[in-house]
Amino acid sequence: NPVDMMRVGGSHLNIVGTCYDDDEVAKVEVKIDDEEYVEAQGTDLWSYYFSTKDYEDGVHTITVRGIDINGATGYEKVRRFQIDTAKPVFTFTNMQSGILLHDRAKLEATVQDLNGIKNLYYSQDKGENYRPLNMNYDQEESKYYFDLDIDTHRLEDGPQVFWFKSTDNTGSTGYAAFL
């Protein structure tokens with residue numbers, strides 16, 4: 001544990017595995033990303049309790065190696081996992097929610113998540129039906145930009161709420177409403 005590219009949404013991960021050597025396993029060492037190796041608990045059946053609190057969302061690597069009683073180091077085993085503690089976040093950039101509109105307008109916004117954005121949708125019927133929205137990625141800012149044309153002539157008078165939904169690449173979904 002974990003399986004390759006497993007989503008880790010909590011603050012801790014119990015990394016576990018098995019190790020075998022024909023002489024005898026003296027210890028198992030674990031490292032996260034490019035950090036130093038630390039000793040796991042156990043030998044043939046080992047574990048390492050890992051706190052994700054000091055790590056950003058995104059893909060990280062676990063490298064594990066066994067060392068036998070003669071000091072010989074075994075092959076490294078590498079697994080990747082994906083920390084996902086935050087949902088996609090929306091920012092409306094050219095208008096504030098609650099604005100009074102007449103005629104036509106273009107709502108401009110961004111959606112951002114450290115695990116990337118898989119899809120983006122909007123709804124005009126309280127979230128019962130969603131329609132896809134196109135987005136453009138800005139690699140420098142790690143944000144997805146999108147806009148929505150609003151024609152008030154096609155809407156009923158009174159308050160209108162547009163719902164936005166986006167899913168990141170690990171499956172977490174964020175929502176936002178714009179009045």
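Keep in mind that what you see is a predicted model, and the values were worked out from it rather than measured.
Dense packing is recorded around NE2 of His153, with more than 12 heavy atoms of other residues, nucleotides or ligands lying under 6.0 Å away. Atom CD of Gln41 sits in a sparse spot, with 12 or fewer heavy atoms from other residues, nucleotides or ligands closer than 6.0 Å. Around the CD atom of Glu36, the shell of radius 6.0 Å holds no more than 12 heavy atoms that belong to other residues, nucleotides or ligands. A 6.0 Å sphere centred on CD of Glu56 holds no more than 12 heavy atoms belonging to other residues, nucleotides or ligands.
Leu120 is not listed as a side-chain neighbour of Tyr144, based on a closest heavy-atom distance of 4.5 Å or more. The closest side-chain heavy-atom distance from Ile32 to Phe50 is below 4.5 Å.
A search for side chain to side chain contact (heavy atoms under 4.5 Å, CB included) contacts involving Arg80 returns Asp4, Met5, Val59, Thr61, not counting sequence neighbours. Every residue two or more places apart in sequence or in another chain that forms a salt bridge (charged side-chain N to carboxylate O under 4.0 Å, His left out) with Lys106 is listed here: Asp149. With sequence neighbours excluded, no residue forms a salt bridge (charged side-chain N to carboxylate O under 4.0 Å, His left out) with Asp68. Residues forming a side chain to side chain contact (heavy atoms under 4.5 Å, CB included) with Lys31 (at least two apart in sequence, or on another chain): Tyr37, Thr63. Partners of Phe92 by side chain to side chain contact (heavy atoms under 4.5 Å, CB included), not counting sequence neighbours, listed by chain and number: Leu107, Ala109, Phe164, Ala176, Phe178.
Note: Tyr122 OH to Leu148 CG = 5.5 Å, rounded to the nearest 0.5 Å. To the nearest 0.5 angstrom, Leu179 atom CG is 12.0 Å from Gln96 atom CD. Here Phe162 contributes atom CZ and Leu133 contributes atom CG; the two are 10.5 Å apart, rounded to the nearest 0.5 Å. Residue Ser166 holds its OG atom at 11.0 Å from OH of Tyr130, rounded to the nearest 0.5 Å. Expressed to the nearest 0.5 Å, how far NZ of Lys27 lies from OG1 of Thr73 amounts to 8.5 Å. Taking CD of Gln82 as the reference point, atom CG of Asp57 lies at 8.5 Å (rounded to 0.5 Å).
Under the 4.5 Å side-chain heavy-atom criterion for ILVMFWY residues, a single connected hydrophobic cluster contains both Met6 and Ile83.
Not a single donor-acceptor pair under 3.5 Å links the side chain of Asn115 to the backbone N or O of Asp168. Remark: the backbone N or O of Pro2 is paired with a side-chain donor or acceptor of Arg79 at under 3.5 angstrom.
Here the closest non-hydrogen pair linking Thr167 and Pro88 is C-CG, 4.2 Å. Taking all atoms of both residues into account, the shortest heavy-atom contact from Asp113 to Ala86 is OD2-O, 3.1 Å. Taking each heavy atom of Trp163 and Gly127 in turn, the nearest pair found is CD1-N, 4.0 Å. Contact detail for Tyr48 and Ala40: the closest heavy-atom pair is CB-CB, 4.3 Å.
Applying the side chain to side chain donor-acceptor pair (under 3.5 Å) rule to pairs touching residues 8-22 yields nothing, sequence neighbours excluded.
Residues Asp84 and Ser172 have side chains that bring a donor and an acceptor to within less than 3.5 angstrom of each other.
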Stepwise ring pair (Phe, Tyr, Trp, His ring centres under 6.0 Å) check, Tyr137 with Phe146: CA-CA 9 Å; Tyr137 183 66; Phe146 66 94; over 10 Å; no

Residues Tyr145, Lys143; criterion side chain to side chain contact (heavy atoms under 4.5 Å, CB included); working and verdict: CA-CA 6 Å; Tyr145 289 85; Lys143 292 181 182 178; 4.1 Å; yes

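Judged by the 6.0 Å and 45° rule, Lys165 forms no cation-pi pair with Tyr175.
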